[in-house]
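Labels below follow one simple rule: chain letters A, B, ... track the order of the sequence lines, proteins then strands, and each chain is numbered from 1.
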Amino acid sequence: MSLSSLLLPAVLFFALGVIAKLIKSDLRFPPDLAKVLSIYLLMAIGLHGGYELAKADIMIAFQSIIWALILGFTLPIVGYLGLVATRKVNPLDAAAISAHYGSVSAGTFLTAIAYLDNLSIQYETYPLIMLAVMESPAIVVGLILAAKARHTVAARNGATNTASKNSNEQGDFKEMLRDAFTNGSVVILIGSMIIGAIAQPSGMEKLKPFIDDIFMGVLCLFLFDMGMVAARRIGDFKKVGVMLAAFGVVMPLVGGVIGVYVGASMLDFSVGGATLVGVLGASASYIAVPPAMRLAIPEANPSFYLTLSLGITFPFNVIVGIPLYHSMAQAIVA
Amino acid sequence: MSLSSLLLPAVLFFALGVIAKLIKSDLRFPPDLAKVLSIYLLMAIGLHGGYELAKADIMIAFQSIIWALILGFTLPIVGYLGLVATRKVNPLDAAAISAHYGSVSAGTFLTAIAYLDNLSIQYETYPLIMLAVMESPAIVVGLILAAKARHTVAARNGATNTASKNSNEQGDFKEMLRDAFTNGSVVILIGSMIIGAIAQPSGMEKLKPFIDDIFMGVLCLFLFDMGMVAARRIGDFKKVGVMLAAFGVVMPLVGGVIGVYVGASMLDFSVGGATLVGVLGASASYIAVPPAMRLAIPEANPSFYLTLSLGITFPFNVIVGIPLYHSMAQAIVA
Amino acid sequence: MSLSSLLLPAVLFFALGVIAKLIKSDLRFPPDLAKVLSIYLLMAIGLHGGYELAKADIMIAFQSIIWALILGFTLPIVGYLGLVATRKVNPLDAAAISAHYGSVSAGTFLTAIAYLDNLSIQYETYPLIMLAVMESPAIVVGLILAAKARHTVAARNGATNTASKNSNEQGDFKEMLRDAFTNGSVVILIGSMIIGAIAQPSGMEKLKPFIDDIFMGVLCLFLFDMGMVAARRIGDFKKVGVMLAAFGVVMPLVGGVIGVYVGASMLDFSVGGATLVGVLGASASYIAVPPAMRLAIPEANPSFYLTLSLGITFPFNVIVGIPLYHSMAQAIVA
Amino acid sequence: MVSLYSEKMLNIISNDSLEEKLVCMFKKYGVNGYTVVQARGEGSSGQVSDMSGFDANIVVKVILPESKIQVILESIERKIKKGYHLTVYITDIKVITPEKFEKTAS
Amino acid sequence: MVSLYSEKMLNIISNDSLEEKLVCMFKKYGVNGYTVVQARGEGSSGQVSDMSGFDANIVVKVILPESKIQVILESIERKIKKGYHLTVYITDIKVITPEKFEKTAS
Amino acid sequence: MVSLYSEKMLNIISNDSLEEKLVCMFKKYGVNGYTVVQARGEGSSGQVSDMSGFDANIVVKVILPESKIQVILESIERKIKKGYHLTVYITDIKVITPEKFEKTAS
Ligand SMILES: Nc1ncnc2c1ncn2[C@@H]1O[C@H](COP(=O)(O)O)[C@@H](O)[C@H]1O
Ligand SMILES: Nc1ncnc2c1ncn2[C@@H]1O[C@H](COP(=O)(O)O)[C@@H](O)[C@H]1O
Ligand SMILES: Nc1ncnc2c1ncn2[C@@H]1O[C@H](COP(=O)(O)O)[C@@H](O)[C@H]1O
Ligand code: NA
Ligand code: NA
Ligand code: NA
C-alpha cells in the first residue's frame with residue numbers, strides 16, 4: 001500500500017474537487033455534466049467488459065452473479081443491524097442508509113481499476129458483471145427492511161391506518177421492484193456489455209479510441225466533479241453526528257473485508273480481482289439508490305444517506321479504501 | 001443484405017435506447033446531450049467531407065446539388081398527394097408531415113455511413129453536399145403546400161378574414177424562407193465543409209483525433225439517446241392511426257427507391273454512393289423541420305409529424321431501411 | 001504576419017460562429033456547452049503545462065509571476081486613466097471596464113498557442129503560470145478603483161450615507177478578495193498544473209489522448225460557440241458609442257505592446273513566449289471578471305464591459321491581434 | 001377586449017424522482033396538461049442540487065379549474081403524510097382560454 | 001416600510017420555436033423586459049420534452065402595467081386563433097419598483 | 001376538505017452571480033427554504049443569456065409568512081439602491097402546510 005497510489009491523476013482530481021469547495025471557490029460544473037460523464041463511463045466500461053466476457057468462463061460468470069446477489073442481499077442487513085444497534089437513527093433511516101451499502105459506486109470501482117492499471121496489476125472481468133448485478137438487490141432489501149420497520153413503528157403507535165396503507169403498498173412495491181431492475185445505470189452497463197459481446201469486432205475496433213483512449217481523462221473530469229459534490233456533503237458531517245459518521249467509515253471496512261474474502265476465497269480471483277470485489281462490497285451507491293429511497297422510504301431523511309454515502313464513504317474509499325482493500329487482497333491471496 | 005449489419009454497435013445502441021424505454025427504465029439522458037452530440041457529428045462529418053470535396057469534380061458536385069434540390073422539392077409533393085389520398089388527415093397536417101419527408105435525417109445518414117464503412121464499401125462524398133442542400137427546400141415546399149391548403153380550407157369555409165391574414169403572411173413567409181436557409185444544421189454542415197476545404201492541412205491534421213477517431217463512439221452515444229427519444233414516440237402509434245403509421249413506412253420506401261435511382265442512374269454513383277442518396281430520399285427530418293412547422297403551420301398537429309418521422313420512419317430506416325436501400329443500389333448498379 | 005494564420009481551423013470556426021449570428025441563423029448551442037468546453041480546455045492546458053513546468057527553472061518561474069502581478073495591477077490603471085480621459089463614461093463604469101483588461105482571456109491565449117503550434121514556433125511554458133496568476137489581481141484593482149470612484153462621487157454629491165456603507169464595504173471587500181483568488185478558472189488551472197507536475201508519469205501517459213489529441217478539436221468547438229456569443233454583443237456596438245468601441249481596440253494594442261515588451265525584454269523569452277505574454281497583456285477577461293464586477297461594482301453597466309471585452313476585444317485579438325503581437329515579438333526579439 | 005376567466009394554478013416543488021408519481025396522480029384525476037421546470041433549492045430535508053440524474057428538484061405547474069383542486073390536494077396531503085417532501089402552493093390566475101383547462105378527463 | 005405597487009405578470013407557456021416571435025411582439029408594444037425559463041410539459045398537442053434543439057417548451061414571464069395587458073392579449077389571441085399553442089395566464093403581483101415596468105417604449 | 005392558508009411568495013429575478021448573496025440574506029432573516037430556477041432574459045441592463053458560468057439569470061422563489069416580507073424587502077431595497085439589478089415581485093399564495101413556512105430561524 002504505497003502512498004504513490006495517491007498520486008494517480010484520477011485521485012488527485014477528486015482531491016482537487018474537494019479542495020475547491022473547502023476553500024469556497026465559486027467553481028461550479030454545469031449540473032448535467034456529471035450525468036453525461038457517468039453515462040460515458042458506464043458505456044465504455046460495459047463495452048470493454050462485454051468484449052472480454054464474450055471469452056469468459058460461463059461457470060465462473062454464473063458463480064460471480066450468485067455471489068454478487070449474496071453480497072447485495074446480505075450487506076444491507078449487516079448495515080441495518082449495525083445502525084439499529086447504535087440507537088442513533090430510527091429504523092426507517094437505518095433501512096434507507098443500509099440499502100446504499102448493499103449497492104455499489106461505479107465511480108469508486110473505476111478509480112480502483114485506474115489504481116490497478118497504474119500498478120500493472122491484472123484483474124478478472126467478472127467483477128464487472130457483479131457491479132451490474134449489485135446495483136439492484138440492495139434496493140429490494142431496503143424496501144423489505146423499510147416495510148418491516150414500518151410495521152414495528154405502526155405496532156408501537158397502535159397501528160391505525162395500516163390496512164389502507166398495505167393495499168397501496170402492494171402496488172407500489174411491485175412498481176419499485178421493476179424500477180430497481182430497470183434502473184438506468186443497470187441498463188447502460190448490461191446493455192453495453194451485451195453489445196460489446198455480440199457486436200462485430202470490426203465495429204468494436206472503431207470504438208476503441210472513444211472507449212479506451214480518452215477513458216482516463218473522462219474519469220479524471222468525473223472525479224473532479226464528484227469531489228465537489230462530495231465536499232458539499234462533508235459539511236453536513238456535524239448534522240449526522242459522530243456515530244453515524246463513524247458508520248460511514250466502518251461499514252465500508254466491513255464490506256471491503258467481506259468482499260475481498262469472497263473475491264479471493266470463494267471466487268478464487270487474483271489479487272486484482274479480489275481487490276475489485278472488495279471495492280464492490282465497500283462502496284455505497286450515490287446515484288441509483290438515493291432516488292429509489294426518496295420514492296420508497298420517503299420518511300427517511302435524505303441528508304443522512306446522502307452525507308454518508310457521498311460525503312464520507314465515497315472519499316474514504318477513493319483515498320484510503322482502495323489501497324487498503326488491495327493490501328487485504330494481497331494478504332489473503334498470498 | 002446480411003443480418004450482420006444489425007450487429008453494428010451504432011444500430012445496437014439505437015436498439016438499446018428503444019428497449020430502455022420499452023421496459024420503462026428510468027434512464028434519462030440530460031436534455032442538452034443530443035444537441036451537443038449532433039453539433040459534434042455535423043461538424044466532424046462536415047470537416048471530413050469538405051476536406052475530400054476540395055479535390056472533387058465541380059461538375060458532379062453541381063449535378064448533385066441540382067438533384068438534391070429536385071428531390072427536396074418533389075418528395076414532399078409526392079408525400080402530400082399520398083397523404084391527401086388517404087383522407088385520414090386534413091390538408092394542413094398533410095403539408096406539415098410531407099415537408100419532413102423532403103428533408104433529411106443526419107442521424108440516419110451517419111448510420112448508413114457506419115454501415116458502409118463496416119462492410120468496407122466505398123462511397124462518393126457528394127451525398128454529403130446533398131445532405132446539406134436537402135435540409136431547407138422541403139420546408140419551403142411545406143410552406144407553399146400549407147398556403148394552398150389554407151386557401152382551399154378558407155374557400156370552403158367562406159373565406160372571412162383571408163385578406164388581413166394575407167398581408168401578414170407575406171412578411172412571415174419571407175422570414176420563414178430566411179429561416180429555412182439559415183437553419184442551424186445547415187450552417188454547421190456547410191460551414192464545416194468550407195473550413196475543411198480551405199483550412200491548412202497542418203491544422204486539419206491536428207483535428208483528426210477529434211473528428212475521426214472518436215466519431216464512431218459519439219455516433220453510438222447519439223443513437224442511444226435518439227433510440228430513447230424515438231421509443232417515447234412509438235407509443236403514440238395508436239393515436240396517429242394505422243393508415244398514417246403505414247405512411248411512415250411506405251413513404252421512406254418510395255423515397256428510398258427514388259433516391260437510389262437518382263444516385264445510381266442519374267448521378268452515376270457507386271453502390272455506396274447510391275445507397276446514401278437512397279437514405280437521403282428515404283429519411284425524414286426530426287430536427288430542422290419540426291420547429292419550422294410549428295412556426296409555419298401552427299394549425300397542424302405536432303403529434304402527427306413527430307410520431308411519424310421520429311417514432312416510425314427513423315427506427316424503420318436505421319434497422320430495416322439502410323440494408324434494404326443498399327440491396328436496391330446493388331441491384332440497380334449491377 | 002501571414003494571412004494564412006487566418007486559415008487556422010480554430011480561427012475559422014470563430015468566424016463561422018460570428019457569421020452564423022450575423023445571418024441570423026437560429027443556431028444555438030446548449031447553454032452549458034461553453035462552460036464544459038472551457039473546463040476541459042483549462043484542465044488540459046494546465047496538466048500539459050504542469051508537466052512541463054516540473055522541469056522548469058524556479059527563478060524564471062518566480063520572475064514570471066512577479067511580472068504577471070505587475071501587468072495585472074498596472075494595466076487596469078492604464079485603462080482606467082484612459083477611459084476617464086475620454087469623459088465618455090462615469091468613473092465606476094471606467095473601473096469595471098478596465099478591470100477586464102488587467103485580467104486575461106484563456107480562449108485568446110489558447111488560440112495563440114494553436115497559432116504558434118501551426119507555425120511550429122517554440123514557446124516557453126511560463127506564460128501559462130502568468131495566465132493563472134493574472135486572472136485575479138485585476139479584480140482587486142477594479143475594487144480599489146471603484147472604491148476611489150465612489151468616494152469621488154460621494155464627495156461630489158455631499159456624501160450622505162457613506163459611513164453606513166463603509167462598514168458594510170469592509171466585509172464585502174474581504175469576501176471579494178477571497179472570491180478573486182479562489183475563482184473557478186484559477187482553481188482548475190492551478191490545480192491541473194500541480195497535478196500535472198506531481199502525478200506519476202505512467203498516469204499522465206494515460207491522459208495523453210484526452211488532453212493532447214482531441215484538444216484542437218475541442219478548441220474549435222469552443223471558439224465556434226464563443227464566436228456566436230461575441231457576435232450577439234457586436235450588435236451592441238452602437239449602444240456603447242464610437243469612443244468606447246475604439247477603446248476596445250486601442251487598449252489591447254497598448255496591453256499587447258507592453259506584454260510583448262515584458263516578455264521579450266524583461267523575461268528574455270523567445271519570439272513564441274513573448275507573443276504569448278503580449279496576448280496576456282492584450283486580452284480582456286469575459287469569464288471571471290464580469291460576474292465579479294456585477295457583484296463588486298453593481299452601479300456599472302454590464303452592457304459596457306461585456307460588449308467591450310466579448311464583442312470587440314475578443315474578436316479583434318483572435319483575428320487581428322495574435323498575428324500582430326507575433327510580428328511585434330519578432331521585431332523586438334530580433 | 002379579451003375576456004379573462006379565473007382558474008387556479010397548483011404548484012408543486014419536489015425532488016425529480018417523484019415526477020412520474022405526480023404526473024400519474026394528475027392523469028388519474030383527469031388533468032392532462034402540466035408544465036415542469038428544473039430547479040435547485042433548500043428546505044427541511046437539506047440542500048438539493050440541480051444535477052440531473054443525481055439530486056434535482058422540479059417545479060410542477062398545473063392550471064386547474066377550482067372544482068378539481070380539493071380532490072388533488074387531498075391526494076397530495078396523503079403523500080405528505082406518508083413522508084414525501086412536497087412544497088405546495090396555489091395561486092389565483094386569469095386565463096383567456098378557460099375551455100382548455102375545464103374539459104374532463106380524456 | 002417599503003411600498004408595494006400592483007402590476008400584472010403575464011405568463012406564456014409555449015414551444016421554444018416561438019420565442020423570437022413572442023419577444024418581437026413584446027417589443028412592438030413597448031415592453032422591453034422579460035424572463036424566459038426552459039420547461040417540459042404535456043398538453044393537447046402531446047408531450048414536449050426539454051431537449052434543447054429538438055422539442056422544448058419555455059415559460060415566458062413579463063411584468064406589465066395593467067394598461068398594456070389588453071393590447072398584448074389581443075395579439076396573443078390572434079396567434080392562438082391561427083393555431084399556435086400558447087398557454088397563457090395572468091397573475092396579480094406587487095412590486096417595489098413600479099417605474100421599472102411602467103416606462104413606455106424605448 | 002384540505003384547509004388553505006395564506007402566505008406570500010417573494011420572487012427575485014437576478015444575475016446568478018448574486019445567488020450566494022441572496023441566500024445569505026434569507027438565512028440572516030431566518031428563512032431556510034427557497035427554490036432557484038435558471039433563466040435568461042432582457043431588461044434595462046441588456047440581454048442576459050442562460051449560459052452557465054458566463055452570464056445567466058436566476059429566479060429565486062421564497063415562500064414566506066406575511067410578517068417577514070417587510071424586513072426582507074428593506075434589505076432588497078438597499079441592494080437595489082446600491083446598484084444591484086434585482087427584479088422583485090410578490091404574489092399571494094395559498095398553502096396547505098403553513099407550519100413549514102412560519103417557523104422561526106433555525
Ligand atoms: N420556504 C420555501 N420557499 C420556497 N421553496 C421552498 C421552501 N421550503 C422548501 N422549498 C423547496 O422545497 C424543497 C423541499 O423542501 P423540504 O421539504 O423542506 O426539504 C426544497 O429543496 C426547496 O426547493
Ligand atoms: N393545464 C395545464 N397546466 C399547465 N401547463 C399546461 C397545461 N396545459 C398545457 N400546458 C403547457 O402548455 C404546453 C402546450 O399545451 P397544448 O397547447 O395543450 O399542447 C404544454 O406542453 C404544457 O407545457
Ligand atoms: N418587465 C420585466 N418582466 C419580466 N422580467 C424582467 C422584466 N424586466 C427585467 N426583467 C428580468 O430582470 C433581469 C434584470 O433586469 P434589469 O435590471 O432591467 O436589467 C432581466 O434580465 C430579466 O430577466
Ligand atoms: Na457495497
Ligand atoms: Na427525405
Ligand atoms: Na489583459
Exercise for review: Name the region of C:Met226, side chain, backbone, both or neither, that has any atom closer than 4.5 Å to a heavy atom of chain F.
Suggested key: side chain

Practice item. Pull out the residues in residues 49-57 of chain F that come under 4.5 Å of chain C, heavy atom to heavy atom, sorted by number. Key: F:Asp50, F:Met51, F:Ser52, F:Gly53, F:Phe54, F:Asp55

Check your understanding: Between C:Phe314 and C:Phe14, is a ring-ring contact (aromatic ring centres under 6.0 Å, His included) present by the stated rule, with each step listed?
Key -> CA-CA 10 Å; C:Phe314 182 37; C:Phe14 184 81; 5.0 Å; yes

Practice item. Say whether, by atom type as modelled, one donor and one acceptor occur between the side chain of F:Tyr84 and the main chain of C:Leu295 under 3.5 angstrom. Key: yes

**Study point:** Interchain contact, F:Lys79 with chain C, by part (heavy-atom threshold 4.5 Å)
**Key:** neither

Check your understanding: Less than 4.5 Å apart, any side-chain heavy atom of C:Leu131 and any of C:Met134?
Key -> no

**Study point:** Portion of C:Leu306 that has a non-hydrogen atom of chain F nearer than 4.5 angstrom
**Key:** side chain

Exercise for review: Verify, without hydrogens or angle tests, whether C:Ser25 (side chain) and C:Lys21 (backbone) share a donor-acceptor contact under 3.5 angstrom.
Suggested key: no

Point to revise | Side chain C:Thr313, main chain C:Gly248, donor-acceptor under 3.5 Å | key: yes

Review point. Side chain of C:Thr152, backbone of C:Lys148: donor and acceptor closer than 3.5 Å?
Key: yes

Check your understanding: Judged by modelled atom types alone, do F:Lys8 and F:Thr91 share a side-chain donor-acceptor pair under 3.5 Å?
Key -> no

Exercise for review: Under 4.5 Å, counting heavy-atom pairs only, tell me which of C:Ala34, C:Ala300, C:Gly184, C:Pro31 racks up the most with chain F.
Suggested key: C:Pro31

**Study point:** Donor-acceptor pair, side chain of C:Ser285 and main chain of C:Val289, under 3.5 angstrom
**Key:** yes

Practice item. Can you tell which part of C:Val229 gets under 4.5 Å to a heavy atom of chain F, answering side chain, backbone, both or neither? Key: side chain

